[in-house]
There are 2 protein chains.
Amino acid sequence: MRRPIGIREVAEAAGVSITTVSHALNGKGRLNDETRRRVQIVAKELGYRPNAIARNLAGGRSGLIGLAVAQTLEGQFAVSDFAYYAQLMSAATVEAIDHGYALVLASGAKGGWSTIRLDGLIVVDPIHDDPLSTEFKERGIPVVTTGRVPGQEDGYWVDNDHRAGTRSILDFLSARGAQQIALIASPPVTSYVMDAHEAYEQWCAERGQEAMVAVARHDLTESAGFDATRELLRGRRRPDAVYATLDRLALGVLLAAQSEGLTVPSDLQVAGCTDSDAGKNHHPSLTALALDPEQIGREAVAMIAHLIEGAEPPQPHVSIPTTILPRESTLPQALATPRPVAEASGAGASDAGASDAGASDAGASGADASRAGR
Amino acid sequence: MRRPIGIREVAEAAGVSITTVSHALNGKGRLNDETRRRVQIVAKELGYRPNAIARNLAGGRSGLIGLAVAQTLEGQFAVSDFAYYAQLMSAATVEAIDHGYALVLASGAKGGWSTIRLDGLIVVDPIHDDPLSTEFKERGIPVVTTGRVPGQEDGYWVDNDHRAGTRSILDFLSARGAQQIALIASPPVTSYVMDAHEAYEQWCAERGQEAMVAVARHDLTESAGFDATRELLRGRRRPDAVYATLDRLALGVLLAAQSEGLTVPSDLQVAGCTDSDAGKNHHPSLTALALDPEQIGREAVAMIAHLIEGAEPPQPHVSIPTTILPRESTLPQALATPRPVAEASGAGASDAGASDAGASDAGASGADASRAGR
DNA sequence: AGAGGGTGCAAATACGTTTTTGCACCGCGC
DNA sequence: GCGCGGTGCAAAAACGTATTTGCACCCTCT
């Protein structure tokens, strides 16, 4: 078992000094382009990977990026979906390692971080006046949020375009015959819920549809969705479709429908935000607005790596497109049924092909800026 | 902004060399006890915290401990409860930092770890023949599991004593008048479910009670608990109490009871394993078997830190006691009602005082070995 | 009294990078 | 022909700790 290849081995193989190798790989010193390229090639051939520990020691950094999830606000959980966070965290971890960092959990951190120095912080679904992120910003430590901090559009963030995503799923349900779509929302503590709510109201106003909104209990369990649905179904007008801002709430909708003797999707179409195995395996399976949490995690890490290294990231705001995954809880696309509603204002002109292709209806959302800068 | 206190500052303040400080704090060299103590005191007074990065560089370690969760087996989730893992991970993170390590997520890691070197791995709720842990063991990297690897009692692990915990909750329900307690279990992929199942069967056999078990669908949602409960309620004999091995399943039981017109707790008492906010805030609130995931996380980290540093941990197996949290979903303790059942065989002689004290019925479980070796 | 061994601490080296400094060389202008 | 600025690279210092080696000193035994 030989010692791993370090900068020394690369230097020797390339016939230069270790200084030159370091400069060549980091784009730092004054080097002949030819030399620089040659060193890079040699390093790649040898499979050189710089030792993150040594790099951090020399650079005066800790190499640690905090990941804060599960913020609570007055006992209200801002998060609940395990799969979403597991995917986000998992992808972010791998990406962080590629950048020479390690991702550590900062959830529930109560001052434990005063002693160890985090180089940066990623806050998932921040709430208003999030204490952790403001503290870090004051200490001059870069912060990137996943979802925007409610009430402020600036700062560095990665987010889905939930306004466009919500419109796309409403169009989707409408194209499948829904006349009265209700929204089941979690309490408005994170930006994505506010976005969905806002987009829903606007969409209804444009269509002349009555807005039917039920805000679910803050525990965000299936029971919360269950109860919110019952409340809706007892209103004077019954919805024929429901969009829930959380997968777990949508599963509660399915339970409530079952309990009330309604058949899904013929009596009630149901769609939820966030794809998950639970929704996929349920009977009927749940149509979902997929958010691509892996991509969100990766982008957030890439962005904070830029910030840590003192470079301005390509863009301060990155939007990740959403995708609709049609499943059994919604009806198939009606066959060429011209609908009498006023023509939609440009937005959701999708819905071209068959409805069960799994990844159809894609690209319905914010192509915005996302993948521009390289 | 002054530079942080390093080993040099401590050395100067104590009037010794940095070598001596290092030796004094790590218990390594040959030092006068008096000197050793003095240095330790000075270090504490100055609030010295060794730089983990430098320590790792010198020690040839990465300082990273992997935390693997969300193992899947043929599409079956072995985990589902967010709160449990959030608490475990959070506590483990803090503990790791205290030991000079950083905790990184290894969930879903597919070879991403070949390049970076983890010093150790903690696997939460391992499944049979867990691939990640066997791979690490083969590479000679220490592994600690939280919950035992099904089918093997050896290895290093931290676990609740689920056999004792299950017996205690069954005794608890029995003391509140339950005559026919059913078990709703998740599929037996992790040791704790197997333990609970086994303990339940044994308890029933001892009491002469008929065992009523429903195995829930593997998605482990409230829907799964809902459906499992309906199945139970349609059996020839109806249970008057249910214990579910997962909080979320228990919430599904509550929904099903509501849907079937049963009143909890008078018609049906319900208890679940794992405490959570969702269960606490539900109406009726859910009686739970608390597992103390924080403690589990801390013990696991402490154990693996021992192993990484080449020392045998005080004990290879640590059992954390469980606690019953009585809430509204179970009846109050019957007032001195001598029950006609054969006297319990020693185990659950608890239940002394009032029933809503929150932390009563404590210490019902495995005092076993846990907190012995300091 | 001198050899031998144990004790208590400090100096020096190592860990693998990054960054700063230094040095040679070349072409250019005066 | 002599300085002078720019170029291309290497030597050396630094990051903060752990570990190895080295060196006094004291005690004891012969």
Side-chain angles (χ1 to χ4, degrees), chain A residues 2-12 14-40 42-43 46-64 99-101 115-117 119 308-310, chain B residues 2-40 42-43 46-64 99-101 115-117 119 308-311:
Chain A
R2 295 193 312 280
R3 51 179 297 162
I5 34 203
I7 200 173
R8 267 197 298 267
E9 283 69 23
V10 176
E12 192 172 356
V16 294
S17 75
I18 63 167
T19 310
T20 302
V21 174
S22 175
H23 284 163
L25 297 181
N26 298 334
K28 284 294 178 63
R30 285 184 318 224
L31 284 189
N32 192 333
D33 269 0
E34 146 65 13
T35 309
R36 198 180 290 273
R37 241 190 318 273
R38 185 162 48 88
V39 171
Q40 285 169 345
V42 170
L46 264 56
Y48 167 68
R49 296 202 45 111
N51 180 320
I53 302 287
R55 180 198 289 253
N56 292 329
L57 178 58
R61 294 173 306 202
S62 68
L64 301 179
H99 286 261
Y101 296 92
T115 158
I116 219 148
R117 210 194 98 149
D119 291 338
I308 290 173
E309 283 144 24
Chain B
R2 293 193 314 280
R3 50 178 298 160
I5 37 211
I7 199 174
R8 267 196 299 265
E9 282 70 24
V10 177
E12 192 173 356
V16 295
S17 75
I18 63 167
T19 309
T20 302
V21 175
S22 175
H23 283 163
L25 298 182
N26 299 334
K28 284 295 177 63
R30 285 185 318 225
L31 285 190
N32 192 333
D33 269 359
E34 146 66 11
T35 308
R36 198 180 289 274
R37 241 192 317 274
R38 186 162 47 88
V39 170
Q40 285 168 345
V42 170
L46 264 55
Y48 167 68
R49 301 210 33 120
N51 180 319
I53 302 286
R55 180 200 289 256
N56 292 329
L57 178 58
R61 294 172 305 202
S62 69
L64 302 179
H99 286 261
Y101 295 92
T115 158
I116 220 148
R117 211 194 97 146
D119 291 339
I308 289 173
E309 283 144 24

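Below, chain A is the first sequence line, B the second, and so on; all start at residue 1. Worth saying up front: this structure is predicted, and the values here are computed from it rather than measured.
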Is A/N56 close enough to D/dC15 that one of its side-chain N or O atoms is under 4.0 Å from OP1 or OP2 there? no
Note: A/I5 and A/Y48 closest approach over all heavy atoms is O-CD1, 3.6 Å
Set of residues satisfying side chain to side chain contact (heavy atoms under 4.5 Å, CB included) with respect to B/L57, sequence neighbours excluded: A/I53, A/A54, A/L57
Within this structure, what is the CD1-to-C1' distance between B/I7 and D/dA18, rounded to whole angstrom? 8 Å
Once you build an axis from the first five pairs and another from the last five of the helix from C/dA1-D/dT30 to C/dC30-D/dG1, how far apart in angle are they, to 10 degrees? 70°
From CD1 of B/I53 over to C1' of C/dA14, roughly how many Å is that when rounded to an integer? 18 Å
Looking at A/G6, is its backbone amide N or carbonyl O close enough to the side chain of A/E9 to form a donor-acceptor pair, meaning the two atoms are under 3.5 Å apart? yes
Return the nearest nucleotide to the side chain of A/L57; candidates are D/dT17, C/dG16, C/dT18. C/dG16
Kindly compute the distance separating CD1 (B/I7) from CD (B/E12), expressed to the nearest 0.5 Å. 13.0 Å
Rounded off to whole Å, could you give me the CZ-to-C1' distance for the B/R117 and C/dG16 pair? 15 Å
Check every atom of C/dT17, D/dA18, D/dT17 against the side chain of B/Y48 and return the nucleotide holding the closest atom. D/dT17
Under 4.0 Å between any heavy atoms, over every strand shown, what does B/G6 touch: base, sugar-phosphate, or nothing? Just pick one. sugar-phosphate
Using the test side-chain hydrogen bond (donor to acceptor under 3.5 Å, both in side chains), find all partners of A/D119 that sit at least two apart in sequence or belong to another chain. A/S62
Tell me every residue that passes side-chain hydrogen bond (donor to acceptor under 3.5 Å, both in side chains) with A/E309, counting only those two or more places apart in sequence or in another chain. A/Y101
Are any of A/S22's side-chain N or O atoms less than 4.0 Å away from OP1 or OP2 of C/dT17? no
Any B/K28 side-chain nitrogen or oxygen under 4.0 Å from OP1 or OP2 of D/dA18: no
Can I get a per-line list of side-chain donor-acceptor pairs under 3.5 Å for residues 23-34 of chain B, giving both atom names and the distance, sequence neighbours left out?
from  : atom 1 : to    : atom 2 : distance (Å)
B/N26 : ND2    : B/S22 : O      : 3.4
B/N32 : OD1    : B/E34 : N      : 3.0

For the pair made of CG in B/N26 and C1' in D/dT17, what is the distance, rounded to whole Å? 9 Å
All heavy atoms of B/G100 vs all of B/A52, minimum pair found to be O-CB, 3.8 Å
Measure CZ/A/R55 against P/C/dT17 and give the value in whole Å, please. 9 Å
Residues in side chain to side chain contact (heavy atoms under 4.5 Å, CB included) contact with A/A14, at least two apart in sequence or another chain: A/V16, A/R38, A/V39, A/V42
Per-nt protein contacts along nucleotides 5-12 of chain C (heavy atom under 4.0 Å; B base, S backbone sugar-phosphate only, - none) come out as --BBBBBB
Quick one: A/R49 CZ to C/dG16 C1', roughly how many Å, whole number? 15 Å
Tell me whether the OP1 or OP2 atom of D/dG16 has a side-chain N or O from B/R8 closer than 4.0 Å. yes
Have a look at A/G59 and say if it touches a base, only the backbone sugar-phosphate, or nothing, with a 4.0 Å heavy-atom cut-off. nothing
